[in-house]
Each structure stands twice: as structure tokens, then as C-alpha cells.
*Asks:* 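Below: one structure in C-alpha cells.
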Amino acid sequence: MSAILKLESITKTYTMGEMDFQALKGVSLEIFDGDMVALMGPSGSGKTTMMQVIGLLDRPTSGEYYLRGRDVTELTENERSEARNLEIGFVFQAFHLLSRQNLLENVEVPLTYAGWNSRDRRDRAMQMLEKVGLADKARNLPSQISGGQKQRVAVARALTMSPAILLADEPTGNLDSRTSEEIMALFQELNDEGSTVVIVTHEPDIGAHCKRIVRLRDGLLESDTIQANPRRALAYGTNAPNAVSAISI
Ligand SMILES: Nc1ncnc2c1ncn2[C@@H]1O[C@H](COP(=O)(O)OP(=O)(O)OP(=O)(O)O)[C@@H](O)[C@H]1O
Ligand SMILES: [Mg+2]
């Protein structure tokens, strides 16, 4: 397996006025092609900080970061945005969909940044909505779909550019347990197809679905374990008619 990304002795210090706070204290980690990693650890241990570094949203204070073998530690702001749009797919707890744009338009956003023409954008975005089982709702607004469906749209948007890695920060934090299971089924399916996925979660149940569990504590890597048989998530079915019978059994 080749490393998609490699972090070497990454530190991150936040400065607030006179005060410094070291959120990451020297983390080294490799993530491989086809990995499905749960990033866990107590609140404040540095999970989101680490995702922001990995996702090129923030720069480390020291250390080195290689993405697909390329040193991305010292990129300029513009180079980082470009690399982010091409290489990273983000999924957030709060979905972050544009409320006035329909689902298709939401999924098109990264393609617009990348300069695709409108016809290719539409085709690609529709393909992605099909992948997450929401093609029939392409013209709905985010307010007209459920929470689980919103997260599926966010996943579709994250996948449009075929990113090297899909980063999800507590993607099931706003979802009930059945809907969380559906989202995990989607992540597992994407991982089966070759996507590399990193999921921040507090929930052992979510971690149980991942091939590898990395734990942070106080800004340091506490453990890194492989799970031989991650639990398969039950896909209740995206168009719900069977979903009710599936859970009432
Ligand atoms: N912008 C910031 N300025 C100052 N301190 C920060 C900033 N962002 C995070 N921190 C601090 O860094 C530490 C790590 O924060 P981080 O958000 O990475 O934690 P986390 O593991 O994601 O926690 P949670 O599980 O609660 O989301 C915390 O102590 C936090 O207060
Ligand atoms: Mg966090």
C-alpha cells in the first residue's frame, strides 16, 4: 500500500494575545491508499485541528506534510486552495449546504471552482447524486430533504473531484442512530470502491465500522490499531419504502 499522506512531527500552536496553546504536540502518521480510519479521542485532544491540517485548511506550526508524495507544508494560500479543491473532499457535522441552491447546484460547487463548463458540471453532479441515491431529488432545496439526505448530498459534493482523500469531521453528529448507520454504509461502500476515508468521531459504534482506529490525547498520538473485521453497516435502502420494515423487525 502506498501512503496517500504522511505527517511528520506535526505541531500546531494557537496564539491568542499573550497566550500560546499547543493543540498538536508532534504527531506523525501515515494514511494509506484504501484506508478507512476513525480518528478518535477526548474533546479538545486535537482531532479537528489535525483534520484542518490534513485538509489544507490550516498550516502546521512545525513539522512536514506530504500529500501523494508532494511536500505541501509550505504552499502559498492559492496553491493550498487549489490542492484542497483537487485532492480533498470534506464532509462536516453541520452539512454546510447552500440553502438557496438546489441539490444539483450544491454538488456542482467544487466543479465551478475548478472551471468546468456548465454542461459537464451538470452531468458530473448528477452522476454523484445518483451514486448517493438522490438523483430524484436533484431540484429540491436542502430544506426539502432529511438530515441523512443532506449528509449524502455533502458526500456527493465531496466526491465530485475524485479526491485523494475524504475527510469527515463528526459526519453523524447531527443524525439519529439509524441514519448514522446509513451514512456509514455509504462510506463503507465508497471505501470498498477504493476511496480513502478519515472520519472523526466520538462514537465507538462509528469507530467499529472502520478498518483502523487512531486515537489522540492531549495533542499526541495515543494509539493506532487495525481492526481485522470492521462491522458492516446496514444500508436500510436509500428510498425508504423498506426502511420501516427493516427496523421494525
Ligand atoms: N482557533 C483556536 N484558537 C485557540 N485554541 C484553539 C483553537 N482551535 C482549537 N483550539 C484549542 O485546541 C485544542 C484542540 O481543539 P480541537 O478543536 O482540535 O479538538 P477536538 O479534538 O476536535 O475536540 P472536539 O471533540 O470537542 O471537537 C482545544 O483545547 C481547543 O480549545
Ligand atoms: Mg472537533
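This one's a predicted model, so the numbers in the text were calculated from it and none came from an experiment. Both counts, for ligands and for their atoms, begin at 1 and track the order of listing.
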*Asks:* Do K6 and E8 meet the salt-bridge criterion of a basic N to acidic O distance under 4.0 Å?
*Replies:* yes

*Asks:* Charged N to carboxylate O below 4.0 Å: is that the case for R178 and E181?
*Replies:* no

*Asks:* N/O/S of T48 less than 2.8 Å from the Mg ion (ligand 2)?
*Replies:* yes

*Asks:* Which pairs pass ring-ring contact (aromatic ring centres under 6.0 Å, His included) with one or both residues in residues 85-107, sequence neighbours excluded?
*Replies:* F90-F92, F92-H96

*Asks:* Hydrophobic side-chain clustering at under 4.5 Å (ILVMFWY, transitive links): who's grouped with Y113? Put none if nobody.
*Replies:* L98, V109

*Asks:* Can you list the other members of the hydrophobic cluster that holds M161, where links are side-chain heavy atoms under 4.5 angstrom apart?
*Replies:* L86, L111, W116

*Asks:* For the pair D35 and R212, find out whether any cationic side-chain nitrogen is under 4.0 Å from an anionic carboxylate oxygen.
*Replies:* yes

*Asks:* Enumerate, one pair per line, all nitrogen or oxygen atoms of ligand 1 lying under 3.5 Å from a protein nitrogen or oxygen, stating the separation to 0.1 Å; write 'none' if no such pair exists.
*Replies:*
residue: ligand 1; atom: 18 (O); partner: T48; partner atom: N; Å: 3.4
residue: ligand 1; atom: 18 (O); partner: T49; partner atom: N; Å: 2.9
residue: ligand 1; atom: 18 (O); partner: T49; partner atom: OG1; Å: 2.6
residue: ligand 1; atom: 21 (O); partner: S45; partner atom: N; Å: 3.3
residue: ligand 1; atom: 21 (O); partner: G46; partner atom: N; Å: 3.0
residue: ligand 1; atom: 21 (O); partner: K47; partner atom: N; Å: 2.9
residue: ligand 1; atom: 21 (O); partner: K47; partner atom: NZ; Å: 2.8
residue: ligand 1; atom: 22 (O); partner: T48; partner atom: N; Å: 2.9
residue: ligand 1; atom: 22 (O); partner: T48; partner atom: OG1; Å: 2.8
residue: ligand 1; atom: 23 (O); partner: G44; partner atom: N; Å: 2.9
residue: ligand 1; atom: 25 (O); partner: K47; partner atom: NZ; Å: 2.7
residue: ligand 1; atom: 25 (O); partner: H202; partner atom: NE2; Å: 2.9
residue: ligand 1; atom: 26 (O); partner: S43; partner atom: OG; Å: 2.6

